[in-house]
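Report on the following structure.
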Amino acid sequence: MSETPRHFIQQIIDADIASGKHQKIVTRFPPEPNGYLHIGHAKSICLNSGLATEFNGQFNLRMDDTNPTKEEIEYVDSIKEDVRWLGAEWNEHYYQASDYFDRMHADAIKLIKLGKAFVCYLSLEEMRLQKGDFKTPGKNSPTRDTNVEENLAAFEKMTRGEFDEGKAVLRAKIDMAATNEYLRDPVIYRIRKVEHHNTGNKWCVYPMYDFAHPLEDAYEGITHSICTLEFEKHRPFYDWVINTVNTPAKPQQIEFARLNITYTVLSKRKLLELVNEKHVSGWDDPRMPTISGLRRRGYSSSSIRKFCEVIGITKHNSLSDVALLEHAVRDDLNKTSPRFMAVLDPIKLVITNYPEGQTENLEAQNNPEDPAAGSRSIPFSKTLLIERDDFIEEAPKKYFRLTPGQEVRLRWAYYVTCTHCVKDATGKVTEVHCTYDPATKGGDSADGRKVKGTIHWVSAEQAGDVEVRLYDRLFMHENLNDLAEDDDWRKHLNPHSMQVIRGKVEPALLKLGQGSRVQFERTGYFCVDKESTSQKPIFNRTVSLKDSWAKQVVK
RNA sequence: AGUCCGAUGGUGUAACGGUAGCACAGGAAAUUUUGGUUUUCCUUGUCCAGGUUCGAAUCCUGGUCGGACUACCA
């Protein structure tokens, strides 16, 4: 009878609490530190930490670092930073799979002693051949029935480094005829003579994910081990490990659908390639769907959490419209970001009847959505800069901006009436001229006269110069999971995903620190880039404002 | 091909045998010192075929379509 609908995982937990199966729940987010976190991970982080919060349970952050050849400390650091930034609180519950290597090794020996694991000397290729396929059952390994003592000794030799890589593995002994291939005597330990970023050279045998993961969960007392759909078929082996090793805790694996977003790639491999092939400037390029990229782009963590809430949790694959993400950030930034005026494509506006050389300061509200945000003062003078497309000499119907004879409001300033424009030899408009009504100071007319249009401006003399980076979607193709095999996803990169321009801004904008999020009135939400300095201010466009006039024009 | 999983407007989701609802997107209007915001209204949906039932998105059967799986990766 709750107002908010409950997704299937919440329902499972509701039932587990009701039945007394668990008094307290424990969830975890277990990234492999081999890449940066992206918005798809955010979905999982919000889910797991959100459940822990909702049920007053515990949330663990755990590095799943069981493969020393792919993982790096750089990634560990970025993952922690991103999870923290998202607001998921792990408190003291930070763990690393590599911290459990001793216990896992002991549990592998336990399996050998139970007659449930054996050392196998088949080559990779031989093992593949003997595995069978959908139709045909696999063949038993020649060493499948080796006795416990020999297996123990052989595993000891593996552990001491007496075999070369690939010469021996430890396998679970289950059933080579199982319809689920993950039960056909899967490999649980392999030899890797590589330094591990955490355990150094202590080990040369490392556990496989399918063996390690259920144990990690059990060691930590995870009650609900939530993962993505592709692990569904691994669940029988997950349960086999838990039950055969007979761990005190019995975590339950639950799968949900991973996130897909239109015009976006969310595979670690492709993101890595975007970085390595220099299609973007790095993992935190503002066009990247990584957490660090979104953050640099100006997304707030609350907008990302909101997005994750809105898309829901299900068991079927779907493709979320990127507009949902953009809506979440606009909605948040509308309420929270202060407004400023910035002109991105300037053209001169001369107020012919305004006194030459005079400057006055005008008061502007910082955020109409939030009176508590206060106000600021903006310099005004005879020569202003306005947006080039806020003037059209021969305007279409319903055009509310400047055109000869039309009166508009300069935001927070005066009503002005356009008189004419000045053009250069090529016919390009170089100046717009107008007259102002001194009685409309502040942007209001005492006689009740209305204007349809309000435009933004900056005072030419006082305006600051800034670099503005206009970002657009990285890809032009809607569903990048749906390409033909011979179709390279790189061919769908948007060549105009970043446009760098010079803008003119009101002075107050120059005082902002890196990461500040603002709205440029009538244009969009922007934030101060991390490369921004007082000598060279840089603004990133997070997302444009909705523009119903632009839609009108298209029609 | 086999096994498993799934299918609700254009998109993402809710409804747990009893009025198909919400959000986004799209459209129309009102308000507006941002053609923003806000408000109101509108368009569009239960994969198909049978069955059970007074009643089916929901349960059953069979199809169709989609996804996952054939690593000493996670």
Side-chain angles (χ1 to χ4, degrees), chain A residues 4-7 11 30-32 34 64-67 69-71 97 120 122-124 127-128 131-136 165-171 178-182 184 186-192 205-206 208-210 212-213 227-236 255 257 262 268 307 310-328 330-331 334-335 339 341 364-365 368-369 398-401 409-413 415 440 442-445 450-456 478 481 519-524 544-553:
Chain A
T4 49
R6 303 188 61 66
H7 58 69
Q11 293 181 29
E32 182 188 15
N34 69 343
D64 206 355
D65 53 357
T66 54
N67 185 347
T69 62
K70 293 170 66 178
E71 296 145 10
C120 175
L122 255 22
S123 70
L124 240 167
M127 212 185 298
R128 205 190 329 267
K131 189 133 197 181
D133 57 29
F134 298 132
K135 273 295 207 191
T136 47
E165 275 189 27
K167 293 301 180 198
V169 293
L170 184 68
R171 289 226 254 168
T179 49
N180 182 329
E181 288 91 351
Y182 291 104
R184 318 245 261 227
V187 173
I188 60 177
Y189 256 93
R190 81 292 212 183
I191 298 166
R192 283 284 174 278
V205 291
Y206 292 92
M208 298 288 294
Y209 168 86
D210 279 326
H213 208 84
C227 62
T228 45
L229 249 26
E230 65 266 32
F231 292 104
E232 216 160 14
K233 273 193 108 168
H234 299 235
R235 189 170 0 112
E255 310 86 14
T262 53
K268 272 192 185 177
F307 170 73
V310 164
I311 53 173
I313 301 295
T314 66
K315 287 192 70 153
H316 56 265
N317 307 327
S318 58
L319 180 63
S320 292
D321 194 331
V322 70
L324 239 40
L325 217 208
E326 291 173 348
H327 173 260
R330 282 195 188 101
D331 195 42
N334 175 51
K335 295 180 193 114
R339 273 63 171 169
M341 292 201 282
Q365 245 185 80
E369 301 291 314
K398 299 250 220 96
Y399 183 80
F400 302 146
R401 286 111 96 157
R409 170 168 37 237
L410 294 177
R411 183 96 159 138
W412 307 121
Y415 283 12
T440 55
D444 246 327
S445 171
K450 297 283 184 202
V451 289
K452 293 285 269 182
T454 300
I455 66 170
H456 61 279
E478 187 173 36
N481 297 323
Q519 185 194 97
F520 288 178
E521 295 227 29
R522 303 210 302 135
T523 307
S544 64
L545 246 36
K546 284 212 273 187
D547 188 349
S548 52
W549 172 246
K551 277 183 202 160
Q552 192 68 230
V553 171

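Small disclaimer: the values here were computed from a predicted structure and weren't measured. In the text below, chain A, chain B and the rest are named by the order of the sequence lines, each starting its count at 1.
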Taken to the nearest whole Å, NE2/A/His316 to C1'/B/rU13 is 8 Å
Closest to the side chain of A/Lys135, out of B/rA1, B/rA68, B/rU13, is B/rA1
A/Lys315 NZ to B/rU8 P, in whole Å, measures 16 Å
Among B/rC73, B/rG10, B/rA14, the one nearest any side-chain atom of A/Pro5 is B/rA14
The side chain to side chain donor-acceptor pair (under 3.5 Å) partners of A/Asn481 (sequence neighbours excluded) come to A/Asn260
Distance col, row A/Arg409:CZ vs A/Thr440:OG1, nearest 0.5 angstrom, shows 9.0 Å
Next on the checklist: By the 4.0 Å heavy-atom rule, please label A/Lys452 as base, sugar-phosphate, or nothing.
Outcome noted: nothing
Sorted by chain and number, sequence neighbours left out, side chain to side chain donor-acceptor pair (under 3.5 Å) with A/Arg401 holds for A/Asp390
Checklist entry - Any side-chain N or O of A/Ser318 under 4.0 Å from OP1/OP2 of B/rU13? => result yes
Of B/rC69, B/rC5, B/rA74, the nucleotide closest to the side chain of A/Tyr209 is B/rA74
Closest of B/rG35, B/rG12, B/rC73 to the A/Glu32 side chain is B/rC73
Close side-chain approach of A/Val169 and A/Met208, heavy atoms under 4.5 Å: no
**Asked** Would you say B/rU11 has OP1 or OP2 under 4.0 Å from some side-chain N or O of A/Thr262?
**Response** no
Between CD1 of A/Ile311 and P of B/rU13 the distance, given in whole Å, is 8 Å
Sequence neighbours excluded, the answer for ring-ring contact (aromatic ring centres under 6.0 Å, His included) partners of A/His456 is none
Residues passing the side chain to side chain contact (heavy atoms under 4.5 Å, CB included) test with A/Pro30, sequence neighbours excluded, are A/Arg28, A/Arg62, A/His213
Scoring nucleotides 36-45 of chain B by protein non-hydrogen atoms under 4.0 Å (B base, S sugar-phosphate only, - none) yields BS--------
Separation of B/rU70 atom C1' from A/Asp210 atom CG, nearest Å, is 14 Å
Check: residues 313-322 of chain A side-chain donor-acceptor pairs under 3.5 Å, at least two apart:
unit_1, atom_1, unit_2, atom_2, d
A/Thr314, OG1, A/His316, N, 3.4
A/Thr314, OG1, A/His316, O, 3.3
A/Lys315, NZ, A/Glu232, OE2, 3.3
A/Asp321, OD1, A/Ala323, N, 2.9

Dot-bracket assigned to RNA chain B with the 3.5 Å Watson-Crick/G-U criterion, [ ] for crossing and | for other-strand pairs, is .((((((..((((....[..)))).(((((.......)))))....(((((..]....))))))))))).....
Sorted by chain and number, sequence neighbours left out, salt bridge (charged side-chain N to carboxylate O under 4.0 Å, His left out) with A/Glu71 holds for none
From CZ of A/Arg235 across to P of B/rC5 the rounded distance in Å is 8 Å
Here the distance between atom P of B/rA68 and atom CG of A/Asn180, to the nearest Å, is 17 Å
Taking only side-chain N and O atoms of A/Thr314, does any of them lie within less than 4.0 angstrom of OP1 or OP2 on B/rU13?
yes
Would a 4.5 Å heavy-atom cut-off, applied to side chains only, mark A/Glu521 and A/Thr454 as touching? no
Original post:
For B/rU32, does OP1 or OP2 lie under 4.0 Å from any side-chain N or O of A/Arg409?
Top reply: no
Report task. Using the aromatic ring of A/Phe134 (for Trp, its six-membered ring), decide whether it stacks on the base of B/rA1 within the limits of 5.5 Å and 30°. Result -> no
The ring-ring contact (aromatic ring centres under 6.0 Å, His included) partners of A/Phe400 (sequence neighbours excluded) come to none
To the nearest angstrom, the CG-P distance between A/Leu325 and B/rA25 comes to 12 Å
By ring-ring contact (aromatic ring centres under 6.0 Å, His included), A/Phe520 pairs with (sequence neighbours left out) A/Phe526, A/Phe539
A/Arg128 CZ to B/rC73 P, in whole Å, measures 11 Å
Would you say A/Arg190 reaches B/rC73's phosphate, i.e. side-chain N/O to OP1/OP2 under 4.0 Å? yes
5' to 3', nucleotides 18-23 of chain B under a 4.0 Å protein heavy-atom cut-off (B base, S sugar-phosphate only, - none) gives ------
Sequence neighbours excluded, the answer for ring-ring contact (aromatic ring centres under 6.0 Å, His included) partners of A/His327 is none
